[in-house]
Engineer: 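Following this message is one structure expressed as structure tokens.
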There are 2 protein chains.
Amino acid sequence: MALTDVPEIVVRRLPLYLRALTALAESNHLVTSSQELAARLGISSAQIRKDLSYFGEFGKQGMGYEVPYLRDQLRRILQADRHWSMVLVGAGDLGHAIVNYASFKRWDYEIVAIFDNDPAKIGRKLGGLTIRPADELESAVRELGVQIGIIAVPAAQAQAVAERLIRGGVRAILNYAPVSLNLPSDVRVHSIDPVVGLQSMTYYLNPSS
Amino acid sequence: MALTDVPEIVVRRLPLYLRALTALAESNHLVTSSQELAARLGISSAQIRKDLSYFGEFGKQGMGYEVPYLRDQLRRILQADRHWSMVLVGAGDLGHAIVNYASFKRWDYEIVAIFDNDPAKIGRKLGGLTIRPADELESAVRELGVQIGIIAVPAAQAQAVAERLIRGGVRAILNYAPVSLNLPSDVRVHSIDPVVGLQSMTYYLNPSS
DNA sequence: AGCTATCTTAACACAGTTTGACGATAAACG
DNA sequence: CGTTTATCGTCAAACTGTGTTAAGATAGCT
């Protein structure tokens, strides 16, 4: 199991497998096959088997995969079988939506601190937490020992916020600001910008309506 | 200019270029180079030049690119220089956040109809629009001539909603439901699932804190 | 026991993507 | 008006990822 050289693209597919397996388990589907998963995910069955083989042998020849077992293995591989603490920077509309996003709770991701630099917001409550001044960002992150940060500030401030999160010890950033962050390669970034998604789709649309 | 065989991965990068150019233009930066863009985006300069060369010659040797000109060209290529109408399905918490997401307005994407299947929500107002029954989805989409749909319903209903949107004439779907949609290849899908992003990052994190 | 389905693995070919190198050229400058 | 400098556009090589095939293994079914 040479886990160090698993291609990143494979790691990005694993959560999709986990999501499909979780759905199967919830509908009491106890066994599945690479072909069934492939049909659900729109990926080839060979690719699924190959991806999984990076991490071990999870299936039984002739039978396929036991859903709960494979799901648990993927949860272990992705470290999705444990609780994660996160800090949120930015308590605007987007920050509010993120705090209330139910899927985080369901998957055991918990926001444990919220920061903003607007004096009007500091001290207020949001999702049971008191909004703290952005000055405290670095020290608070270090104190809490948090590894994941969520950025929901305007684009102009995102890079600086990211750097401060990293100085506090954050190693993974979920970035909702519409800007490309420039960070050390040992820090993981996942950016979410719906407009980027829309623009790459409208490229293909008809110039009408 | 053989626009038909532009790799999809190139099309997915164009919005990032556009975003960077828009930011440069807003700070009155009139000229840039592939190297400057590369440094901002964390992409190689050769790649940027090659990507742009699929669509024409936009720069001047020795000089680089004129920011407003290249920005406008990218807006034209991506059809980001016009207004787009969208319909939203799902008026829960997520749907509310999407309606209030300011970046859509700023980039001229407008939600023109909202649907839900919850009788308690139908008839209520959201963002100036009356929430309509999901029964009307197909016919209303067809009547409005909308090409873009946003899905913000529970995972279990997302596939069926997507199929109805498509029957109504939708050609591009922004999918916030945590499920892989299985759709005809001529329909574009962009899925946003923050949990998938987090899981692919936690794979790389330390098993601590 | 034989049959069927399906996994595991490996090798390889193919396709797609990225990178590096290089000639071309526009502006600046003496 | 030639030289220098910066930077583009493009080609080809290198690299990465995907798909295919084939061989071997095995669990369950008849």
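A, B, ... follow the sequence lines: proteins, then strands. Residue 1 opens every chain.
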Engineer: Could you check whether any side-chain heavy atom of I98(A) comes within less than 4.5 Å of a side-chain heavy atom of F104(A), counting everything from C-beta outward?
Structural biologist: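 Touching, per the 4.5 Å side-chain cut-off.
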
Engineer: So Y203(B) and R12(A), side chain to side chain contact (heavy atoms under 4.5 Å, CB included) or not? Walk me through it.
Structural biologist: CA-CA 9 Å; Y203(B) 170 84; R12(A) 283 209 302 268; over 6 Å; no

Engineer: Looking at Q79(A), is its backbone amide N or carbonyl O close enough to the side chain of W84(A) to form a donor-acceptor pair, meaning the two atoms are under 3.5 Å apart?
Structural biologist: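 Yes; at least one donor-acceptor contact below 3.5 Å.
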
Engineer: Would you confirm whether T202(A), through its side chain, and L205(A), through its main-chain N or O, come within 3.5 Å as a donor-acceptor pair?
Structural biologist: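 Flag not set: sc T202(A) to bb L205(A) has no pair under 3.5 Å.
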
Engineer: Ignoring hydrogens and geometry, is there a side-chain-to-backbone donor-acceptor pair from R164(B) to A134(B) under 3.5 Å?
Structural biologist: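 Between the backbone of A134(B) and the side chain of R164(B) there is a qualifying donor-acceptor contact (under 3.5 Å).
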
Engineer: Where along residues 28-37 of chain A does a heavy atom fall under 4.0 Å from DNA chain C?
Structural biologist: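 S33(A), S34(A), Q35(A), in order of number.
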
Engineer: Going by the salt bridge (charged side-chain N to carboxylate O under 4.0 Å, His left out) test, which pairs reach into residues 31-58 of chain A, not counting sequence neighbours?
Structural biologist: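 Qualifying pairs, neighbours excluded: R13(A)-D51(A).
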
Engineer: Does OP1 or OP2 of dC7(C) have a side-chain N or O of R49(A) closer than 4.0 Å?
Structural biologist: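 Yes, within the criterion.
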
Engineer: Using atom CG of L52(A) as one end and atom C1' of dT6(C) as the other, report the distance to the nearest whole Å.
Structural biologist: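 Roughly 14 Å, once rounded to whole Å.
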
Engineer: Would you check if the side chain of T32(B) reaches a backbone N or O of Y65(B) as a donor-acceptor pair within less than 3.5 Å?
Structural biologist: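 Such a contact is absent between T32(B) side chain and Y65(B) backbone.
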
Engineer: Determine whether a donor-acceptor pair (N or O, by modelled atom type, separation under 3.5 Å) exists between the side chain of D116(B) and the backbone of A91(B).
Structural biologist: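 A pair under 3.5 Å: yes.
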
Engineer: Just checking D108(B): does its CG atom have more than 12 heavy atoms from other residues, nucleotides or ligands closer to it than 6.0 angstrom?
Structural biologist: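 Yes, because the 6.0 Å sphere around CG of D108(B) holds more than 12 heavy atoms from other groups.
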
Engineer: Quickly work out the Q47(A) CD to dA10(C) C1' distance and round it to whole Å.
Structural biologist: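 Rounded to whole Å, this separation is 17 Å.
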
Engineer: Check the distance between dT9(C)'s C1' and I48(A)'s CD1 and give it to me in whole angstrom.
Structural biologist: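 Distance check: I48(A) CD1 to dT9(C) C1' gives 17 Å.
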
Engineer: Tell me: CD1 of I43(B) to C1' of dT18(C), nearest whole Å?
Structural biologist: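 Result: 11 Å.
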
Engineer: Name every residue in residues 7-15 of chain A that has at least one heavy atom under 4.0 Å from any atom of DNA chain D, in order of residue number, or write none if there are no such residues.
Structural biologist: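 Per residue number, the list reads P7(A), I9(A), R13(A).
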
Engineer: Is there a donor-acceptor pair under 3.5 Å between the side chain of Q73(B) and the backbone N or O of F58(B)?
Structural biologist: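 Absent.
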
Engineer: Is a side-chain N or O of Q159(B) found less than 3.5 angstrom from the main chain of N182(B), in a donor-acceptor match?
Structural biologist: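 Checked: pair present.
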
Engineer: Which two nucleotides bound the region of DNA chain D that has atoms under 4.0 Å from heavy atoms of chain A, read 5' to 3'?
Structural biologist: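 For DNA chain D, the relevant span reads dG17(D) to dG28(D).
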
Engineer: Please work out which residues in residues 58-75 of chain B have a non-hydrogen atom less than 4.0 Å from an atom of DNA chain D and list them by number.
Structural biologist: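 Output list: F58(B), G59(B), K60(B), Q61(B), G62(B), M63(B), G64(B), Y65(B).
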
Engineer: Has the side chain of H29(A) got a donor or acceptor atom that lies under 3.5 Å from a matching backbone atom of A25(A)?
Structural biologist: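 Judged by distance alone, no pair lies under 3.5 Å.
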
Engineer: Backbone N or O of G169(B) within a donor-acceptor pair of the Q147(B) side chain at under 3.5 Å?
Structural biologist: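 Looks like no, no N/O pair under 3.5 Å.
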
Engineer: Hey, what bend do you get for the helix from dA1(C)-dT30(D) to dG30(C)-dC1(D) if you fit axes on five pairs at each end, rounded to 10°?
Structural biologist: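 Roughly 10°, once rounded to the nearest ten degrees.
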
Engineer: Check whether any side-chain heavy atom of V87(A) lies under 4.5 Å from a side-chain heavy atom of I150(A), and answer yes or no.
Structural biologist: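 Sidechains of I150(A) and V87(A): no contact.
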
Engineer: Is R188(A) positioned over the aromatic face of Y204(B), cation under 6.0 angstrom from the ring centre and no more than 45 degrees off axis?
Structural biologist: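 Geometry flag: set, cation within 6.0 Å and 45°.
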
